[in-house]
Amino acid sequence: AQIARELHDQLQFHGKRAEPLPLRLRRLGHRLNGIKQSFEYIQDYICVHGLRIWQEEFSRIINYTIEQERNRFTKKKVLDWDSEFQSEHIPIPRFAPVDDSLTWAGRLVRELQSLTDPRRTVYVDQLAAWYQDHAEVAGLRTFALIRESMGVFGLAGVDRLVCFMTVRQLQRVVRQIADIVAAPGVAAELEAMG
């Protein structure tokens, strides 16, 4: 519950005290690393595999969160009691949404989308980064911070969520094109064009 609480609390981007993403990710990484070190420390005294427990639990929390957030993008919803990642004995807490996202993962992806909005930023391929007013707003360092703070599990989870969002957006575009093509007279015009 403490890990889920840290993710929920640290990855909130709107409000009176909105801090930049890198600062939030560094703080999250510091706190999660402290919890992880506690698992490492205790394994030496009680002869359990603390790091393995950490990885399994952290992976379970990430996967559960992505599963819940992806419910917004799929027809078949996975409810708490159907989730392979939720447990009766060690439940992952659900928090009330603080914005349009259901979870911290949705908030993180939406913050990344906001930072890389093509209406305000420019992507410079040679530097692998997005710039606004000659200042880098997101790039390789941003994704390295995500990996450092949440590990490979977190980065892979963000990737999966972006994939679901991309598929939904592509489905909308295909529907819009189909509606345009189906409009009266458009098919005849397209045939005339060859």
Margin query: Looking at S59, is its backbone amide N or carbonyl O close enough to the side chain of N63 to form a donor-acceptor pair, meaning the two atoms are under 3.5 Å apart?
Written below: yes

Checklist line | Where F58 and M150 come nearest, the two heavy atoms and their spacing | finding: CE2-O, 2.9 Å

Check: Is a donor on one side and an acceptor on the other found under 3.5 Å between the side chain of S101 and the backbone of P97?
Finding: no

Notebook entry, point to check: Does F85 offer a backbone N or O that forms a donor-acceptor pair with the side chain of R60 under 3.5 Å?
Noted result: yes

Check: Are any non-hydrogen side-chain atoms of R120 and S114 less than 4.5 angstrom apart?
Finding: yes

Note to self: Test of understanding: with side chain to side chain contact (heavy atoms under 4.5 Å, CB included), list the residues that count as partners of E148, not counting sequence neighbours.
What the structure shows: A144, L145

Checklist line | E19 bridged to R27 by N-O distance under 4.0 Å | finding: yes

Checklist line | Linked, directly or transitively: M165 and L102 (ILVMFWY side chains, under 4.5 Å) | finding: no

Notebook entry, point to check: Is Q10 close to W104 at the side-chain level, that is, under 4.5 Å between some pair of heavy atoms?
Noted result: no

Next item on the list: Working to the nearest 0.5 Å, report the span between CZ of F164 and CG of D159.
Entry: 10.5 Å

Notebook entry, point to check: Is a donor on one side and an acceptor on the other found under 3.5 Å between the side chain of T166 and the backbone of V162?
Noted result: yes

Note to self: Please tell me whether T103 and Q68 have a donor and an acceptor in their side chains that are separated by less than 3.5 angstrom.
What the structure shows: no

Check: How long is the span from the CG atom in L23 to the CG atom in L28, to the nearest 0.5 Å?
Finding: 11.5 Å

Next item on the list: Determine, using the 4.5 Å side-chain heavy-atom cutoff (strictly less than), whether V98 and V109 are members of one ILVMFWY cluster.
Entry: no

Validation: residues 121-143 side-chain donor-acceptor distances under 3.5 Å, sequence neighbours left out:
from, atom 1, to, atom 2, distance (Å)
T121, OG1, T116, O, 3.4
T121, OG1, D117, O, 2.8
T142, OG1, G139, N, 3.1

Item checked: Shortest non-hydrogen contact from A4 toward I61 -> N-CD1, 4.3 Å

Check: Q86 versus P91: any side-chain heavy-atom pair under 4.5 Å?
Finding: yes

Next item on the list: Check whether any side-chain N or O of R175 sits under 3.5 Å from a backbone N or O of L170 as a donor-acceptor pair, and report yes or no.
Entry: no

Next item on the list: Provide the full list of salt bridge (charged side-chain N to carboxylate O under 4.0 Å, His left out) pairs with a residue in residues 89-98, sequence neighbours left out, each pair given once.
Entry: D80-R94

Item checked: Partners passing side-chain hydrogen bond (donor to acceptor under 3.5 Å, both in side chains) against D9 (at least two apart in sequence or in another chain) -> R5

Next item on the list: Just do the salt bridge (charged side-chain N to carboxylate O under 4.0 Å, His left out) check on E40 and K36 with the steps written out, would you?
Entry: CA-CA 6 Å; E40 280 182 270; K36 180 181 172 186; 5.4 Å; no

Check: Between E111 and R107, is there a salt bridge with N-O shorter than 4.0 Å?
Finding: no

Checklist line | Value rounded to 0.5 Å, distance of CG in N33 from NE2 in H30 | finding: 8.0 Å

Next item on the list: Group every Ile, Leu, Val, Met, Phe, Trp and Tyr by side-chain heavy-atom contacts under 4.5 Å, then state whether V152 and L32 land in the same group.
Entry: no

Next item on the list: Decide yes or no for L21 and L25: does some side-chain heavy atom of the first lie under 4.5 Å from some side-chain heavy atom of the second?
Entry: yes

Next item on the list: Measure across I66 and G157 and return the closest heavy-atom pair with its distance rounded to 0.1 Å.
Entry: CD1-O, 3.3 Å

Next item on the list: Find out whether I146 and L112 are in side-chain contact, i.e. whether some heavy atom of one side chain is under 4.5 Å from a heavy atom of the other.
Entry: yes

Note to self: With rounding to the nearest 0.5 angstrom, report the CZ to CZ distance, F13 to R110.
What the structure shows: 12.0 Å

Checklist line | Test item: R172 side-chain N/O and V167 main-chain N/O as donor-acceptor pair under 3.5 Å | finding: no

Notebook entry, point to check: Out of curiosity, does L7 fall in the hydrophobic cluster containing I35 (side-chain heavy atoms, cut-off under 4.5 Å, transitive links)?
Noted result: yes

Check: Is I62 linked to I53 within one hydrophobic cluster, defined over Ile, Leu, Val, Met, Phe, Trp and Tyr using a side-chain heavy-atom separation of less than 4.5 Å?
Finding: yes

Margin query: With a 4.5 Å cut-off on side-chain heavy atoms, are L161 and F73 touching?
Written below: yes

Margin query: Using side-chain heavy atoms (C-beta onward) and a distance below 4.5 Å, is E84 in contact with Y64?
Written below: no

Using atom types as modelled, flag every donor-acceptor pair under 3.5 Å from a side chain in residues 41-50 to any protein atom, sequence neighbours excluded.
from, atom 1, to, atom 2, distance (Å)
Q43, OE1, G50, N, 2.9
Q43, OE1, L51, N, 3.3

Checklist line | Residues in side chain to side chain contact (heavy atoms under 4.5 Å, CB included) contact with D82, at least two apart in sequence or another chain | finding: V78, L79

